[in-house]
Amino acid sequence: MSDKILLIDGHSILNRAFYGLPDLTNSEGRHTGAVYGFLNILFRILDEEKPKYLTVAFDLHEPTFRHKMYDAYKGTRKAMPEELREQVPLIKEVLTAMGIKIVSKPGFEADDLLGTLAVRSEKEGMDVTILSGDRDLLQLATEKVLIRLPKTSRGKTTIENFHTQEVIEKYQVTPPQIIELKALMGDSADNIPGIPGVGEKTATKMIVEFGSIENAYAHLEEVKPNKAKESLREHYDMAVLSKTLATINTDSPIDYSYEEAELKELYTPEAYQLCKQLEFKNLLSKFDTAVMPENPIEQNFFSCSDLSGVDALFKKASDKAYVGISLLADKENIYGLGIALEKEEIYYIPVEGLLTGDFLCASMKDLAKTTVLCALDIKQFLKHVPLEDETQVFDIGIGAYLLNPLKSTYTYDDIAKEYLDGVLLPAREDLLGKDSLKKAWESSADGLMAYSCYMAYTAFASRIPIENSLKDSGMWKVYREIELPLIFTLDSMEKYGICVKGEELKIYGKKLQVRIEELEKQIYEVAGEEFNINSPKQLGTILFEKMGLPGGRKTKTGYSTAADILEKLAAEHPIVKDILEYRQLAKLKSTYADSLASVIGPDGRIHSTFNQTITATGRISSTEPNLQNIPVRMELGRLIRKVFVPEEGYVFLDADYSQIELRVLAHMSGDETLIQAYREAQDIHRLTASQVFHVPFEEVTSLQRRNAKAVNFGIVYGISSFGLSQDLSITRKEAAEYIEKYFETYPKIKSFLDGLVAEGKEKGYVTTMFGRRRPIPELKSGNFMQRSFGERVAMNSPIQGTAADIIKIAMNRVYKRIQQEGLKSRLVLQVHDELLIETKKDELEIVSRILEEEMKGAAKLSVELEVDMHEGGNWYEAK
DNA sequence: TGCGTCACG
DNA sequence: ACGTACGTGACGCAG
């Protein structure tokens with residue numbers, strides 16, 4: 001087999017990647033999306049082609065010969081956006097680090113270099129592949145030269161491939177004739193003037209008929225249509241110029257050695273460093289551990305596996321003010337412990353023989369009496385080492401979250417990079433691969449010690465920088481008084497869990513199943529065939545193609561079959577109602593009945609995880625299972641709440657804030673009308689309607705009230721006339737009028753929201769009443785969509801976030817009061833504005849007083865925080 | 001794995 | 001002109 005060479009059009013692929021992918025930046029705000037996209041496509045092609053040689057060609061910035069000709073003629077060049085421009089040197093740097101040959105030459109475009117190398121290589125007897133985003137390159141296709149054009153449509157990349165034959169099939173002309181086409185049609189992007197009045201159709205006809213522009217002129221009288229003939233006649237010199245401009249030079253005088261272009265090891269240490277800095281996490285896994293640089297920190301790792309040594313170690317640790325801790329543990333087992341006493345003194349203790357997990361945990365409980373334990377995830381730590389005093393611990397993960405809540409994970413290597421002067425530590429995956437801790441342990445992976453020590457090191461070393469940053473940014477109080485105590489509150493909620501009746505859940509699931517099968521049958525019958533109703537794609541085909549229903553909104557992949565679309569179609573055909581019911585039941589069965597049943601523990605209770613470092617606004621989230629989205633709005637779904645029950649001798653007490661976000665808005669904006677409204681009104685939406693629509697309170701119609709309610713919601717979400725119009729099924733204009741009237745009624749709300757956006761733009765972040773920050777990089781975006789999103793976020797986050805702060809404060813206080821007063825009752829759930837307490841029957845009175853006092857008293861606002869409370873024998877009754 | 005959908009606040 | 005309400009998590013499908 002002959003050798004293969006891959007030639008890449010650097011700028012054009014970078015361009016493709018830039019425009020095809022969302023604007024990606026690393027945590028320093030450096031734009032990296034185009035480089036990332038480039039590398040992804042490079043690896044994909046390398047994988048497919050496995051070439052022996054590889055070369056990437058770039059234009060230089062100075063104008064080339066061909067451009068000069070036309071610039072002189074027309075004098076225009078297109079500008080490159082700054083976000084892309086700064087990535088050009090970056091991709092060159094990465095390619096160089098990977099040992100990839102780059103060519104460019106003053107006075108020559110990348111096209112010319114590619115053309116020259118393609119012709120030269122073909123002559124050498126090689127197979128040539130050219131990767132470009134530019135169709136001009138098609139003129140280079142031959143039997144041996146393959147042109148590959150990546151296309152990004154709907155987010156994914158497909159590649160079109162062209163040898164001579166494919167060019168002819170697609171364009172009806174041979175590759176060299178592509179030049180003629182292009183010269184006739186012109187190309188504004190490429191600054192080729194072309195012949196006025198000649199487009200793709202005419203050009204193709206002409207070349208198919210005459211073969212070349214010259215021949216067309218030779219038979220000018222035969223050229224049709226007349227318009228084109230006249231234009232050709234008039235613009236002869238334009239045709240000549242265009243052809244020159246469109247022709248890629250295949251004989252450029254470049255020095256080129258195949259030896260240098262030979263593909264070598266791409267995954268070099270230099271490339272690793274770069275990918276790490278750019279935060280290309282997916283790419284890092286491609287690197288072999290062998291290329292990872294030796295880290296000086298590692299020389300300070302010590303293994304400690306004898307009892308007396310460990311005793312001495314804990315003794316030494318107890319003299320420190322604080323230490324870094326990493327506990328290697330999962331739900332079942334403890335595998336080892338890392339302790340950092342100093343930056344240069346880190347120990348690893350594997351669980352082994354007399355050094356049991358229990359022993360280590362007991363030692364740490366002791367250690368906590370004298371020394372602050374710093375770790376990445378204190379809540380996980382508490383699962384094995386129960387502590388009660390928040391002053392005994394420091395959580396660097398939560399600190400890092402507060403400082404930037406937009407990250408999706410808070411891993412030690414990220415934190416080290418961020419807070420320890422950019423130090424690059426090997427990530428978990430570098431050390432342990434994708435294996436679970438258990439697996440790594442069983443195969444006694446030697447990465448365990450490094451993993452544990454790096455984590456302990458990071459916890460130790462970043463404590464001070466994180467603490468300082470929190471103080472500098474005004475978030476120390478949020479950390480110290482809200483988030484840190486909340487760790488203990490959430491830990492307790494997770495440990496208690498909530499009792500769920502598994503048997504009844506099964507019965508409920510079976511009932512659903514019966515009806516689901518009925519509906520299935522009915523739907524198949526009406527549709528005339530069996531299909532997967534759960535597949536939006538198949539469903540769309542049946543409804544909108546086979547049955548001919550009017551298809552509305554489109555999604556990326558086809559027709560939308562979302563509920564709001566189907567509801568509007570319900571009158572068109574009875575099948576739609578059945579589908580909606582089917583959907584509802586299928587959801588209830590799969591997400592609630594079945595999966596809830598599968599996570600009931602041996603104690604008969606569900607122990608959800610409450611995440612403290614997920615949301616951008618400061619809310620907590622709940623996973624495995626999510627107990628914050630148990631149905632309540634529809635009766636059938638709401639019934640599920642009957643299986644959530646308190647244990648014997650207890651009842652549920654459920655307390656929720658009434659319209660907390662609107663009250664927060666009233667307070668933060670200081671709008672007297674809204675504040676006054678809250679001081680007077682039972683029904684805020686009715687009152688809003690009466691004020692906005694200028695009708696007496698008693699005469700507000702239900703429609704007016706509904707509209708006012710939607711506007712109130714809209715305000716909290718960062719109002720837009722479009723969003724409101726969608727929600728209310730009214731025109732944008734009407735929605736805009738509602739909003740205008742609303743702002744007339746509550747003028748300070750308008751200036752408050754405007755102020756938030758202005759503040760966000762100026763500072764790059766917005767804050768809650770308590771100082772919690774949310775960065776909003778989107779506000780700086782040049783993209784209208786992104787920027788608008790940023791503006792809505794700027795309006796919403798302080799409100800949602802303040803409400804989140806308030807309920808967190810309330811949770812902590814309720815938790816502590818229950819503890820202090822020695823009660824048996826316990827907080828078991830939080831659902832954003834709602835707390836559920838499993839209450840000992842004889843403690844009902846005191847607990848309801850605690851709830852009321854602490855929830856209402858959690859924040860001092862200019863309007864009352866109102867709390868609704870209900871008790872019941874299950875969650876359904878208590879809500 | 002990403003998307004569409006839908007459950008909650 | 002752009003094309004959407006804010007914040008989440010889980011499921012099933014399709015590639």
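Numbered from 1 within each chain, the chains take letters A, B, ... in sequence-line order.
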**Asked** Counting side-chain heavy atoms from C-beta on, which of dC6(C), dA7(B), dA10(C) comes nearest to Tyr717(A)?
**Response** dC6(C)
**Nucleotide of dA14(C), dG7(C), dA10(C) approaching Glu624(A) most closely (side-chain heavy atoms)** = dA10(C)
**Prompt:** Which part of the nucleic acid does Thr591(A) contact within heavy-atom distance under 4.0 Å: base, sugar-phosphate only, or nothing?
**Reply:** sugar-phosphate
**Message:** Distance check needed: dC11(C) P versus Leu596(A) CG, whole Å only.
**Reply:** 10 Å
**Request:** Choose from dA7(B), dG3(C), dT5(B) the nucleotide whose nearest atom is closest to any side-chain atom of Met785(A).
**Result:** dG3(C)
**Item:** Pairing of Glu581(A) and Lys577(A) as salt bridge, 4.0 angstrom limit
**Value:** no
**Item:** Nucleotide-level pairing of DNA chain C, given in dot-bracket where Watson-Crick and G-U pairs need both distances under 3.5 Å and | marks other strands
**Value:** .....|||||||||.
**Request:** Determine the minimum heavy-atom distance between Asp654(A) and Ala878(A), stating which atoms define it.
**Result:** CB-O, 3.3 Å
**Message:** Taking dC2(C) as the reference, what is the distance to dT5(B) when you measure between their P atoms (whole Å, please)?
**Reply:** 22 Å
**Prompt:** Where do Phe652(A) and Asn874(A) come nearest, in terms of heavy atoms and distance?
**Reply:** CD1-C, 3.5 Å
**Request:** Classify the side chain of Lys587(A) and the base of dC6(B) as holding, or not holding, a donor-acceptor pair under 3.5 Å.
**Result:** yes
**Message:** Tell me whether the side-chain N/O atoms of Thr615(A) come closer than 4.0 Å to OP1 or OP2 in dT8(C).
**Reply:** no
**Request:** Describe the nucleic acid contact of Gly714(A) in one word from base, sugar-phosphate, nothing, applying a heavy-atom distance below 4.0 Å.
**Result:** base
**Prompt:** Going by an N to O cut-off under 4.0 Å, is there a salt bridge joining Asp671(A) and Lys750(A)?
**Reply:** no
**Prompt:** Considering only heavy atoms and no angle criterion, is a donor-acceptor pair shorter than 3.5 Å present between the side chain of Arg583(A) and the base of dT5(B)?
**Reply:** no
**Request:** Please determine, for the side chain of Ser590(A), which listed nucleotide (dC11(C), dG7(C), dG4(B)) has the closest atom?
**Result:** dC11(C)
**Asked** Can you check the Phe713(A) CZ to dG7(C) P distance for me, whole Å?
**Response** 16 Å
**Request:** Please state how far atom CD in Glu778(A) lies from atom C1' in dT4(C), giving the value in whole angstrom units.
**Result:** 14 Å
**Request:** With heavy atoms under 4.0 Å as the rule, sort Ala804(A) into base, sugar-phosphate or nothing.
**Result:** nothing
**Item:** Side chain of Asn532(A) - closest among dC13(C), dT4(C), dC8(B)
**Value:** dC13(C)
**Asked** Taking NZ, NE, NH1 and NH2 as the nitrogens, is one of them in Lys642(A) or Glu504(A) under 4.0 Å from a carboxylate oxygen of the other?
**Response** no
**Message:** If you only use heavy atoms from C-beta on, which nucleotide in dC6(C), dG9(B), dG7(C) is closest to the side chain of Thr617(A)?
**Reply:** dG7(C)
**Prompt:** Rounded to whole angstrom units, what separation is found between the CD atom of Gln800(A) and the C1' atom of dA5(C)?
**Reply:** 13 Å
**Rounded distance (Å) that lies between atom P of dT5(B) and atom CD of Gln584(A)** = 17 Å
**Asked** Taking NZ, NE, NH1 and NH2 as the nitrogens, is one of them in Glu866(A) or Lys856(A) under 4.0 Å from a carboxylate oxygen of the other?
**Response** no
**Asked** When you measure from the side chain of Arg732(A), which nucleotide among dA5(C), dT4(C), dG9(C) comes out closest?
**Response** dT4(C)
**Request:** Take atom CD of Glu791(A) and atom P of dT4(C), then tell me their distance rounded to the nearest Å.
**Result:** 16 Å
**Request:** Identify which nucleotide among dC13(C), dG9(C), dG9(B) has an atom closest to any side-chain atom of His832(A), counting heavy atoms from C-beta outward.
**Result:** dG9(B)
**Request:** Answer yes or no: does a side-chain N or O of Lys537(A) lie under 4.0 Å from OP1 or OP2 of dC3(B)?
**Result:** no
**Item:** Short side-chain N/O contact from Ser797(A) to OP1 or OP2 of dG7(C), under 4.0 Å
**Value:** no
**Prompt:** Between Arg638(A) and dA7(B), does any side-chain N or O lie under 4.0 Å from OP1 or OP2?
**Reply:** no
**Message:** If you compare every side-chain N and O of Arg619(A) against the phosphate oxygens of dG9(B) (OP1, OP2), does one of them come in below 4.0 Å?
**Reply:** no
**Message:** Considering every strand and a 4.0 Å limit on heavy-atom distances, what is the contact class for Asp727(A): base, sugar-phosphate, or nothing?
**Reply:** base
**Fill in**
In whole angstroms, the gap separating P of dC8(B) from CD1 of Ile614(A) amounts to 21 Å
**Asked** Closest approach of Gln704(A) and Ala689(A), non-hydrogen atoms and distance?
**Response** O-CB, 3.6 Å
**Asked** In terms of side-chain heavy atoms of Asp833(A), which of dT8(C), dG9(B), dA5(C) is nearest?
**Response** dG9(B)
**Message:** Check this for me: does any side-chain nitrogen of one of Asp491(A) and Lys379(A) sit under 4.0 Å from a carboxylate oxygen of the other?
**Reply:** no
**Fill in**
Looking only at dA5(C), dA14(C), dG9(B), the nucleotide nearest the Val831(A) side chain is dG9(B)
**Prompt:** OP1 or OP2 of dG3(C) sitting under 4.0 Å from any side-chain N/O of Ser788(A)?
**Reply:** no
**Message:** Heavy atoms only, 4.0 Å cut-off, all strands: where does Ala803(A) land among base, sugar-phosphate and nothing?
**Reply:** nothing
**Request:** Please work out if Ile630(A) contacts a base, only the sugar-phosphate, or nothing of the nucleic acid, heavy-atom cut-off 4.0 Å.
**Result:** sugar-phosphate
**Nucleotide dA14(C), atom P - distance to CZ of Phe531(A) in whole Å** = 12 Å
**Asked** If we take the P atom in both dC6(B) and dA5(C), what is their distance in whole Å?
**Response** 14 Å
**Prompt:** Contact class for Ala735(A) vs. all strands (heavy atom < 4.0 Å): base, sugar-phosphate, or nothing?
**Reply:** nothing
**Message:** Base, sugar-phosphate or nothing for Gln538(A)? Non-hydrogen atoms, less than 4.0 Å.
**Reply:** sugar-phosphate
**side-chain contact (heavy atoms from CB on, under 4.5 Å) partners of Ser781(A), counting only residues at least two apart** = Asn783(A), Gln786(A)
**Prompt:** Looking for any heavy atom pair under 4.0 Å, which part of the strands does Asn626(A) touch: base, sugar-phosphate only, or nothing?
**Reply:** sugar-phosphate
**Asked** Within 45 degrees of the axis of the six-membered ring of Phe722(A) and under 6.0 Å from its centre: does Arg732(A) put its NZ or CZ there?
**Response** no
